[in-house]
Amino acid sequence: MSLTFHWFLPTYGDSRHVIGGGHGVAAGAAGAAGAAGGQRPADLGYLTQIGRAAEQLGFEGALTPTGAWCEDAWLTTAMLARETERLKFLVAFRPGFVAPTLAAQMAATFQRYAPGRLLLNVVTGGESHEQRAYGDFLGKDERYARTGEFLDIVRALWRGESVTRLGEHLQVEDARLARVPDPVPPIYFGGSSPAAGEVAARHSDVYLTWGEPPAQVAEKIAWIRALAEKEGRTVRFGIRLHVITRDTADQAWAEARRLLDGFDPAAIAAVQAGLARSESEGQRRMLALHGGSADGLEVSPNLWAGIGLVRGGAGTALVGSHGEVAERIEEYHRLGIDEFVMSGHPHVEEAYWFGEGVLPRLAATGLWTHPAGAATGAADVSAAVPFAAGVRR
């Protein structure tokens, strides 16, 4: 089975610095702009550049985030579907913000007008203060219970059933779709709390974890796999990571140091204070990797926790030579990870570093095949600069 790679659409803007945001943290550049570091607005022209680059390089899809700090994922991807040919869109959305029948209908419409190109990332929402801004006043465990009810209804509608449900949080009467989606979009779902695990086991097609060290990822996989087996289901696994890959390890770590040097200490303190209030268990695990300190950020070989100093959500990056990054991907794959959702700053340039440096190496080992067939535009691995380990910082 070929590994699947997705890229990321920064619908809050892009830069040669890290753009923060997520989990209640307002988006903004984490460092002062340098000589070549201007802010790039998230307009359709720029997002189209990213999408076309990802498509050409061999990424299967692109994750589009959700929240008050970015543009709406449904509307943005619907527009970008016209600007790309093959790229799928992993649309993040929150069940508490849209009725289940409408969400099921939206998915069916998307699949009809962009055939087979919709993937759904169901985000329950870990921050009560952000949820309340949208009129959602449920507590965290209640939100997960509602997500379970939501997905029960949506999946029944996608099966073509007429649905009447009177749940604790949601109710519908004689709901039915005029046309069901074909194919039914897969559900991607993440969460590290017990309540999240129960929902993932019952409903997720792909369970997503943020980029923790391999031993912790292995524990999560075993946890979800056991829960899914109790439900009589099997679940695929994916991981969300940033990446900094270069021809040599020294070059990659120099780029990581450049990003770190651009982090304003006041911005780090403000972001960490905000994230410390997060209700998300996954966010707590991200914070534990670095403890708010800029020291000792390589928390596992080639796994750098520096991004999490200024950004909520996924806070780790694979950093190293193309060969090292490929090795770390193979390591995660041996644990059971088949899908990788990657990103890098800025997103056009980093897509090319990864697509031309790492993907050909994985293709050479038989772990990856370009979704379009021949790896059009991808660099031949034999032409790449030889692996150089360098000194890790």
Is the shortest distance from a Lys or Arg side-chain nitrogen in Glu60 or Lys88 to a carboxylate oxygen in the other one below 4.0 Å?
yes
Do the side-chain N and O atoms of Thr147 and Thr124 include a donor-acceptor pair separated by under 3.5 angstrom?
yes
Indicate yes or no: does Arg159 engage Asp152 in a salt bridge with an N to O separation below 4.0 Å.
no
Tell me whether the NZ or CZ atom of Arg155 lies within the 45° cone about the ring axis of Phe150 and under 6.0 Å from its centre.
no
Any side-chain heavy atom of Ile221 sitting closer than 4.5 Å to one from Ile337?
yes
Does the distance from a Lys or Arg side-chain N to an Asp or Glu carboxylate O, for Arg146 and Glu168, drop under 4.0 Å?
no
Residues Arg40 and Glu349 bridged, charged N to O under 4.0 Å:
yes
Salt bridge or not between Arg328 and Glu331? Use side-chain N to carboxylate O under 4.0 Å.
yes
Between Phe5 and Phe354, is the ring centroid distance below 6.0 Å?
yes
Answer yes when Glu350 and Arg246 have at least one side-chain N-carboxylate O distance shorter than 4.0 Å, and no when they do not.
yes
Take atom CZ of Arg112 as the centre, draw a 6.0 Å sphere, and report whether it contains more than 12 heavy atoms from other residues, nucleotides or ligands.
yes
Regarding Thr365 and Glu330, is there a side-chain donor-to-acceptor distance under 3.5 Å anywhere?
no
Donor on one side chain, acceptor on other, Arg94 and Gln131, under 3.5 Å
yes
Do Glu161 and Arg176 meet the salt-bridge criterion of a basic N to acidic O distance under 4.0 Å?
no
Is there side-chain contact between Val235 and Val206, with at least one heavy-atom pair below 4.5 Å?
no
Under-4.0 Å salt bridge between Glu149 and Arg165:
no
For Ser192 and Lys220, does a side-chain donor sit closer than 3.5 Å to a side-chain acceptor?
yes
Ion pair check, Glu85 and Arg117, cut-off under 4.0 Å:
no
